[in-house]
Amino acid sequence: MSPLADISSSFAPRFAEFAFEPAFTAAVDQHVAEIRDRLSAGGPSLEPPPPHPEDLTDYALGFLDALTELDWREPVGHDYAVCRLTAISWLVRRHGLLDGNGAFPDACGDGTVRDDHEGREGREGRESQGR
């Protein structure tokens, strides 16, 4: 199983806490924004592009290595690492970065990853046509 799949299977269940933990939700949102900033140069769009799966994997592996060096153990509550790992899980789910088998989908046949069940090229084409 890939590192992103491992993280997602461990921390996606915490999404249920968003409904009754607004501070946790806000913290994860801030972590998502910071991860996106670290992995992307951004662009002219108001919505940030999805992270590239390999970049997010590299980032996650580095973060997990640091946690291992610190001998971190997942707490009952929410610490910095829980928020960061939950944010990684959220990005994986939001952008469909893994298929059902924990692998990177290659939906477009050219290495680009589908976002919201359609290819990036199709979405950009419709946006430029005003649809």
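The two residues S8 and P13 come nearest to each other via the heavy atoms O-CD, 4.0 Å. Here the closest heavy-atom approach between residue A12 and residue R93 is recorded as CB-NH2, 3.7 Å. The shortest heavy-atom contact between H31 and A87 is CB-CB, 3.6 Å. Pairing each heavy atom of A16 with each of F20, the nearest pair is O-CE2, 3.6 Å. Here the closest non-hydrogen pair linking H95 and P50 is ND1-CB, 3.3 Å. Pairing each heavy atom of L4 with each of P53, the nearest pair is CD1-O, 3.8 Å.
Atom OG of residue S89 and atom CZ of residue R94 lie 15.5 Å apart, to the nearest 0.5 angstrom. Here L39 contributes atom CG and L56 contributes atom CG; the two are 6.0 Å apart, rounded to the nearest 0.5 Å.
Considering only residues two or more places apart in sequence or on other chains, E34 meets the salt bridge (charged side-chain N to carboxylate O under 4.0 Å, His left out) condition with R38, R84. Shown here are the salt bridge (charged side-chain N to carboxylate O under 4.0 Å, His left out) partners of D71, two or more places apart in sequence or in another chain: R73.
Contact check for P51 versus L97: side-chain heavy atoms found under the 4.5 Å cut-off. Contact of the I7 side chain with the T86 side chain is not registered, since no non-hydrogen atoms from C-beta on lie closer than 4.5 Å. Looking at heavy atoms from C-beta onward, E74 lies in side-chain contact with V82 at the 4.5 angstrom threshold. Between F15 and V28, the closest side-chain pair of non-hydrogen atoms is not below 4.5 Å.
For the ring pair (Phe, Tyr, Trp, His ring centres under 6.0 Å) condition, the pairs that include at least one residue of residues 53-79, sequence neighbours left out, are F24-H78.
Hydrophobic cluster membership differs between L98 and L61, with clusters built from Ile, Leu, Val, Met, Phe, Trp and Tyr side chains linked at under 4.5 angstrom. Hydrophobic clustering (ILVMFWY, side-chain heavy atoms < 4.5 Å, transitive): L91 and Y80 are in one cluster.
Between the side chain of S9 and the backbone N or O of D6, at least one donor-acceptor pair lies under 3.5 Å.
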